[in-house]
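Just so we're clear, the structure is a prediction, and the values are computed from it rather than from any experiment. Per chain, numbering begins at 1; letters A, B, ... match sequence-line order.
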Amino acid sequence: MEDSYRKKNRPTVLPLLGVVEEAPEIKSFFVNHQEIASATAPGQFLMLWVIGVDEIPMSVSGVGKDGTLRLTVEKVGDATSKLHELEEGDLVGVRGPYGNGFDISGNKFLIVCGGCGTAPLSFATERLVEQGKKATVVLAAETSEKLLFRSQLEKMDVDLFMSTEDGSTGVEGLATDVLEKEINDWDFDSCLVCGPERMMAATAELVEEKGISIQLSLNRYMKCGIGICGQCSMDPSGLRVCRDGPVFNYEEIKDSEFGDYKRNSEGKKVEI
Amino acid sequence: MEDSYRKKNRPTVLPLLGVVEEAPEIKSFFVNHQEIASATAPGQFLMLWVIGVDEIPMSVSGVGKDGTLRLTVEKVGDATSKLHELEEGDLVGVRGPYGNGFDISGNKFLIVCGGCGTAPLSFATERLVEQGKKATVVLAAETSEKLLFRSQLEKMDVDLFMSTEDGSTGVEGLATDVLEKEINDWDFDSCLVCGPERMMAATAELVEEKGISIQLSLNRYMKCGIGICGQCSMDPSGLRVCRDGPVFNYEEIKDSEFGDYKRNSEGKKVEI
Amino acid sequence: MQKENLHVHLGDLHLRNPTLLAAGIMGLTGASLKRVWDSGAGGVITKSVSKEAREGYSGPRVVETPCGLINSMGLPNPGIESMLEEIKIAKDSGGLVIGSIFGNEVKEFAELAGKIDKVGADAIELNLSCPHAENLSTIGQNPKLTKKVIEACKDSEIPIWVKLPGNTHIPNLIEVAKSAEKAGADAIVLTNTLPAMSIDVTSERPILGNITGGLSGPAIKPIGLRLVYEVYEKVDIPIIGAGGVESGKDMIEYILAGASAVEIGTGIMKRDLDVFKKVCEEASTFLDERKVKDLVGSAHKN
Amino acid sequence: MQKENLHVHLGDLHLRNPTLLAAGIMGLTGASLKRVWDSGAGGVITKSVSKEAREGYSGPRVVETPCGLINSMGLPNPGIESMLEEIKIAKDSGGLVIGSIFGNEVKEFAELAGKIDKVGADAIELNLSCPHAENLSTIGQNPKLTKKVIEACKDSEIPIWVKLPGNTHIPNLIEVAKSAEKAGADAIVLTNTLPAMSIDVTSERPILGNITGGLSGPAIKPIGLRLVYEVYEKVDIPIIGAGGVESGKDMIEYILAGASAVEIGTGIMKRDLDVFKKVCEEASTFLDERKVKDLVGSAHKN
Ligand SMILES: Cc1cc2nc3c(=O)[nH]c(=O)nc-3n(C[C@H](O)[C@H](O)[C@H](O)COP(=O)(O)OP(=O)(O)OC[C@H]3O[C@@H](n4cnc5c(N)ncnc54)[C@H](O)[C@@H]3O)c2cc1C
Ligand SMILES: Cc1cc2nc3c(=O)[nH]c(=O)nc-3n(C[C@H](O)[C@H](O)[C@H](O)COP(=O)(O)OP(=O)(O)OC[C@H]3O[C@@H](n4cnc5c(N)ncnc54)[C@H](O)[C@@H]3O)c2cc1C
Ligand SMILES: Cc1cc2nc3c(=O)[nH]c(=O)nc-3n(C[C@H](O)[C@H](O)[C@H](O)COP(=O)(O)O)c2cc1C
Ligand SMILES: Cc1cc2nc3c(=O)[nH]c(=O)nc-3n(C[C@H](O)[C@H](O)[C@H](O)COP(=O)(O)O)c2cc1C
Ligand code: FES
Ligand code: FES
């Protein structure tokens with residue numbers, strides 16, 4: 001149907017093509033939108049309308065040439081819980097893509113994934129590998145079963161290291177423990193990090209010593225996704241995570257609220 | 001200056017580049033608007049904003065490659081009188097081009113011009129001649145001095161016949177008198193006519209006998225120029241002169257109000 | 001061509017599809033109304049007509065704005081007697097014709113309504129939202145006056161539709177709409193154009209001859225939709241949506257908000273007379289087996 | 001960078017240029033306000049702040065429409081005490097900062113105004129056009145209540161601006177504006193967003209979490225311009241225009257209509273933070289030697 005006003009900032013409502021359980025409390029949701037899929041680079045996100053509940057930011061964890069978009073979602077509250085109830089054929093809305101995405105112009109990447117942060121990074125890794133670039137991936141989670149996209153990463157041509165807090169797989173401990181113990185050859189030109197903010201902060205501090213450029217994908221409360229409501233702005237720069245980010249170079253955010261506090265839905269500061 | 005909404009249906013206000021007296025009560029006005037000039041075909045018209053008075057339809061009587069537009073205007077009332085007072089540098093507004101224009105895909109043209117109807121037709125003739133086509137032009141007016149664009153037409157590679165009601169130049173009488181007396185070789189495939197409606201009606205009747213396709217450019221009271229107000233619609237077809245015309249094939253309007261009545265600003269019928 | 005799933009009713013009036021030619025657009029002559037009917041509209045509304053002929057304002061009378069159009073036609077019309085002739089022509093062609101009227105006094109409305117009724121039109125639209133009727137310029141914001149006008153017209157045998165202004169003062173709008181319903185109106189039309197203007201920065205002048213005019217087109221669709229949505233919750237008579245309908249989707253948005261039909265005006269600027277057929281085809285295809293009439297107001301359920 | 005011909009005054013308040021960051025846009029934190037100031041705005045207005053913190057509505061909170069944007073943020077803010085800290089940060093950076101406030105009672109407005117005054121802001125904007133203040137949801141359509149609120153805030157040393165709704169019921173708007181002037185308001189801001197909605201035809205639902213929201217952007221510029229034009233004829237205090245300013249030309253249109261300055265909000269969606277610098281540069285170039293302040297209201301002369 002002719003639609004004279006297909007607008008980037010208006011949700012397109014689509015049926016779910018499928019839902020896949022990836023790990024406890026984590027599912028992937030598939031929809032088809034050719035225009036958005038072709039426009040999305042790794043690290044960019046969509047605003048996902050969970051109809052009747054809320055609209056929330058969600059990284060794209062993969063795209064298909066046929067226009068398939070994959071979103072990988074951890075159940076943490078209202079909207080994500082409702083989403084986890086949905087099945088193939090149920091409707092959701094998407095608008096985007098938004099944000100800057102990762103700069104993958106380097107050649108040798110160190111990729112550090114924590115929990116659901118693996119979503120955008122596995123997409124980035126896929127792209128890198130397609131382009132014949134080298135990647136060392138650190139996959140961290142609490143327990144073995146929460147190592148997101150493990151089997152997919154194992155199939156890719158990358159060096160994969162894993163850590164679990166309970167030691168059920170790989171190094172016992174955190175991502176930083178892997179880095180300290182396992183990575184001897186620091187011959188990377190770029191490091192991409194996404195995961196819980198404390199983990200990102202610790203990783204960035206450690207990697208910085210090695211003199212590698214670091215990109216981090218931040219998570220802040222978002223309302224508009226298009227840079228106008230001010231909800232996601234960082235102190236003291238005023239950079240907006242939705243429009244100037246979500247990916248920042250470590251230098252941009254080193255001396256900022258990063259690792260320290262963020263803001264809730266009211267704009268009040270809450271500790272990280 | 002950036003103008004995110006340059007709209008076709010919004011006047012662009014421009015200084016007059018010059019004003020030239022063409023005949024008693026008839027002046028040409030020049031403005032420069034590259035976009036409109038390149039888009040205008042002979043027979044199309046602009047809506048001309050005579051600032052402070054009215055906005056009126058006006059045929060384009062010529063365009064330059066540099067973006068110059070010529071409008072040739074007879075002083076007949078409020079807006080045209082005000083216009084005749086304007087000088088180089090004064091502002092007017094233009095929007096357009098509107099309407100269909102003449103179909104000049106034929107090869108041998110008979111062109112019949114009455115009074116100010118010469119404006120669009122001299123432009124059409126210029127184009128035809130540029131394209132190496134043949135044209136026989138009949139130029140009619142009341143008196144010698146009112147023969148519009150006479151010197152320009154004389155310079156063009158066309159067969160030119162003239163008539164004046166007082167016989168001061170050419171055949172004494174009307175355009176139809178010229179046709180009956182002078183045109184023996186009716187080897188035309190197309191006839192273009194513009195002028196007073198009675199003259200157009202008489203010409204069309206006469207030329208039709210010769211089996212030539214005839215295009216007439218009509219004049220009706222216009223308010224919007226874009227086909228929505230209904231002011232210029234013809235009986236009984238409902239064709240709008242501003243959007244479906246102003247040029248019609250004779251068959252389209254033969255059995256219509258054409259030559260009979262038109263409508264005033266209120267929509268009331270007035271005799272031709 | 002006129003798909004089954006597009007049939008709708010406005011009270012007792014059956015429409016072959018929910019698209020109506022909006023008042024003031026092309027509806028100056030019978031021939032023009034007939035042409036729009038033939039091009040596929042479900043019904044055609046005349047230009048608003050008054051007792052005496054009016055020239056309207058001087059130009060510019062229209063100016064395009066971002067996704068919209070402002071007009072200051074000034075309600076030109078040939079007066080009721082001439083318009084009755086035009087309505088006859090449109091009716092003779094088989095069209096469903098609605099006469100739009102406006103008056104300077106309550107009894108003028110009654111007189112005009114009586115004449116439209118007698119000439120065989122299918123409904124009367126009271127234009128209570130024209131800023132041009134000297135004595136009654138804000139009828140549509142005045143519940144009492146609205147009631148009076150409607151009551152004065154209720155002698156007519158045919159349905160009375162009431163066209164209200166796009167009043168953002170919502171408590172007032174609801175009051176007027178309820179008052180119209182109580183007075184016996186058969187449908188409410190929302191919205192007329194919204195007061196607006198445009199200024200040329202070179203000449204430093206308002207562009208329209210009448211300085212201000214009414215904004216229509218896609219720009220106002222979100223406003224029209226919301227008015228329909230709000231009024232639907234408060235009245236039980238059918239609502240006709242207007243403002244920015246250009247596509248089947250636009251129409252369905254209005255239907256979901258609570259409209260039983262829509263008027264299309266400025267859409268002709270973009271899609272010409274095909275707009276009626278295209279809107280219908282697009283909507284019909286989108287709806288598949290579902291019927292338009294079953295969707296009226298559905299957005300309120302969700 | 002800040003061209004001489006762009007300097008304007010709003011009463012005693014000097015602005016380096018006539019572009020202000022509109023309330024509710026980016027103004028949640030001091031850092032964000034500072035960033036907008038640094039990017040070239042003539043002044044920055046905070047998000048409208050209330051006594052207690054508010055979460056606002058659930059999403060979707062924005063939806064794009066033809067040449068416009070509807071938002072239903074629901075006035076989220078961290079409450080006055082936290083906002084005072086943010087204002088200090090913005091002031092410390094040298095910016096001209098205006099605190100926008102709204103309350104549920106007249107005395108809440110007074111309390112908030114007093115605090116904004118003390119923290120060193122340059123002006124106070126009373127948001128009398130928010131559909132969210134439970135008890136006072138239509139203050140801006142009520143001349144008496146408007147007067148009361150302003151009078152309650154007049155103890156402040158800094159100017160009081162009054163932001164009114166885009167009320168198409170013009171006699172009412174003029175009454176409110178005059179009443180605001182009489183009560184001692186230092187400037188009138190027109191217009192806030194216009195009530196609107198959008199419906200998704202696939203899910204058959206209103207898109208916004210709060211169902212309806214406010215329309216902003218180029219779509220409403222012709223409406224905002226007309227409101228400024230009408231009010232300019234009736235009051236003598238400065239007017240600040242808002243609605244759809246994206247380019248230098250847009251700003252000059254508002255200036256010619258009678259505005260002494262403009263607020264820019266949705267323009268950031270299209271041109272990002274450069275919008276302030278670009279609007280200024282475009283206007284300055286267009287004006288050449290002429291001064292913005294000399295053009296205020298010029299369209300009324302022609
Ligand atoms: C750029 C970006 C990309 C993201 N990508 C992913 C992803 O790929 N997979 C994934 O599982 N999660 C992702 N998130 C986080 C995801 O947006 C939140 O988990 C989700 O919004 C929670 O919604 P809820 O209603 O279930 O939670 P709620 O019940 O509303 O709250 C739970 C917590 O979720 C967070 N949250 C709630 N609403 C928002 C919001 N509008 N914006 C940001 N955080 C919010 C808050 O911290 C809150 O404390 C991403 C966030 C951002 C900013
Ligand atoms: C497609 C088209 C092309 C035209 N091209 C030319 C041209 O090249 N040169 C030229 O001199 N004239 C042309 N005209 C005629 C021109 O538009 C009128 O002469 C002009 O509008 C008169 O305006 P006024 O205010 O001076 O007259 P008024 O004082 O308003 O009235 C005098 C007469 O002019 C006619 N008129 C007035 N307003 C309009 C209007 N809006 N639309 C149509 N007719 C009107 C009426 O018949 C009226 O009786 C054209 C008209 C049309 C429809
Ligand atoms: C040129 C023009 C003339 C109009 N004249 C009238 C009129 O005479 N009577 C009336 O009730 N509405 C009139 N309107 C309003 C339309 O009927 C309609 O309500 C409005 O334009 C919104 O619909 P749209 O966006 O589809 O145009 C006019 C609108 C336009 C654009
Ligand atoms: C996302 C958003 C939030 C807004 N929040 C407020 C607000 O808190 N207080 C207020 O007075 N106006 C608010 N407004 C209205 C704007 O300040 C402005 O008046 C309106 O958007 C018109 O200007 P624009 O077209 O430049 O955006 C908001 C507008 C938007 C788009
Ligand atoms: S979410 Fe609104 S500015 Fe980032
Ligand atoms: S002038 Fe309006 S339809 Fe032709």
For A:Met47, is it the side chain, the backbone, both, or neither that has a heavy atom closer than 4.5 Å to a heavy atom of chain D?
-> neither

Would you say the side chain of D:Arg61 lies within less than 4.5 Å of the side chain of A:Cys229, judging by non-hydrogen atoms?
-> no

Which of A:Asp54, A:Asn264, A:Asp78 touches chain D most, by non-hydrogen pairs under 4.5 Å | A:Asp54

Does atom CD of A:Glu87 have more than 12 heavy-atom neighbours, drawn from other residues, nucleotides or ligands, at distances under 6.0 Å?
-> no

Tell me, for A:Arg243 versus chain D, whether the close heavy atoms (under 4.5 Å) come from the side chain, the backbone, both or neither.
-> side chain

Who wins among D:Ser82, D:Ala53, D:Gly56, D:Pro78 for the most heavy-atom pairs under 4.5 Å with chain A?
-> D:Pro78

Top contributor to chain A contacts, counting heavy-atom pairs under 4.5 Å, from D:Gly27, D:Pro60, D:Pro76 | D:Pro60

For D:Glu52, look at atom CD and say whether over 12 heavy atoms of other residues, nucleotides or ligands are found less than 6.0 Å away.
-> no

Verify the neighbour count for atom NZ of A:Lys269: are there more than 12 heavy atoms of other residues, nucleotides or ligands below 6.0 Å?
-> yes

With side chains defined as the heavy atoms from C-beta onward, is the minimum distance between D:Thr29 and A:Asp235 less than 4.5 Å?
-> yes

By a 4.5 Å heavy-atom criterion (distance strictly below it), what part of A:Leu91 contacts chain D: side chain, backbone, both, or neither?
-> side chain

Closest approach of D:Arg35 and A:Asp244, non-hydrogen atoms and distance?
-> NH1-OD2, 2.8 Å

Contact class of D:Leu69 relative to chain A, heavy atoms under 4.5 angstrom | side chain

Got a sec: does the NZ of A:Lys27 have more than 12 other heavy atoms crowding it under 6.0 Å?
-> yes

Where the side chain of A:Ser265 meets the backbone of D:Glu55, is there a donor-acceptor pair that is under 3.5 Å apart?
-> yes

Minimum heavy-atom distance between A:Gly267 and D:Leu28, given as atom pair plus value | CA-CD2, 3.8 Å

Can you tell me how far CD1 of A:Ile226 sits from NZ of D:Lys270, rounded to the nearest 0.5 angstrom?
-> 14.0 Å

Going by heavy atoms in the side chains, are A:Pro11 and D:Ile207 under 4.5 Å from each other?
-> yes

Inter-residue atom distance D:Ser58.OG - A:Glu55.CD, 0.5 Å rounding = 10.0 Å

Scanning both residues in full, the closest heavy-atom pair of A:Ile51 with D:Ser203 reads CD1-CB, 3.8 Å

Side chain, backbone, both or neither: which part of A:Leu239 has an atom under 4.5 Å from a heavy atom of chain D?
-> both

Hey, could you give me the CD1/CG distance between A:Ile228 and D:Leu273, rounded to the nearest 0.5 Å?
-> 11.5 Å

Chain D heavy atoms under 4.5 Å from A:Val50: which part of the residue, side chain, backbone, both or neither?
-> neither

In Å and rounded to the nearest 0.5 Å, what is the CE to NZ distance from D:Met73 to A:Lys223?
-> 5.5 Å

Say you draw a straight line from CG of A:Leu14 to OG1 of D:Thr202; how long is it, rounded to the nearest 0.5 Å?
-> 7.5 Å

What closest approach, in Å, do A:Pro236 and D:Ala31 show between heavy atoms, and which atom pair accounts for it?
-> O-CB, 3.6 Å

In terms of heavy-atom proximity below 4.5 Å to chain D, should A:Asp90 be classed as side chain, backbone, both, or neither?
-> neither

Derivation of the side-chain contact (heavy atoms from CB on, under 4.5 Å) call for D:Asp272 and A:Arg240 | CA-CA 11 Å; D:Asp272 210 350; A:Arg240 295 154 302 179; 2.8 Å; yes

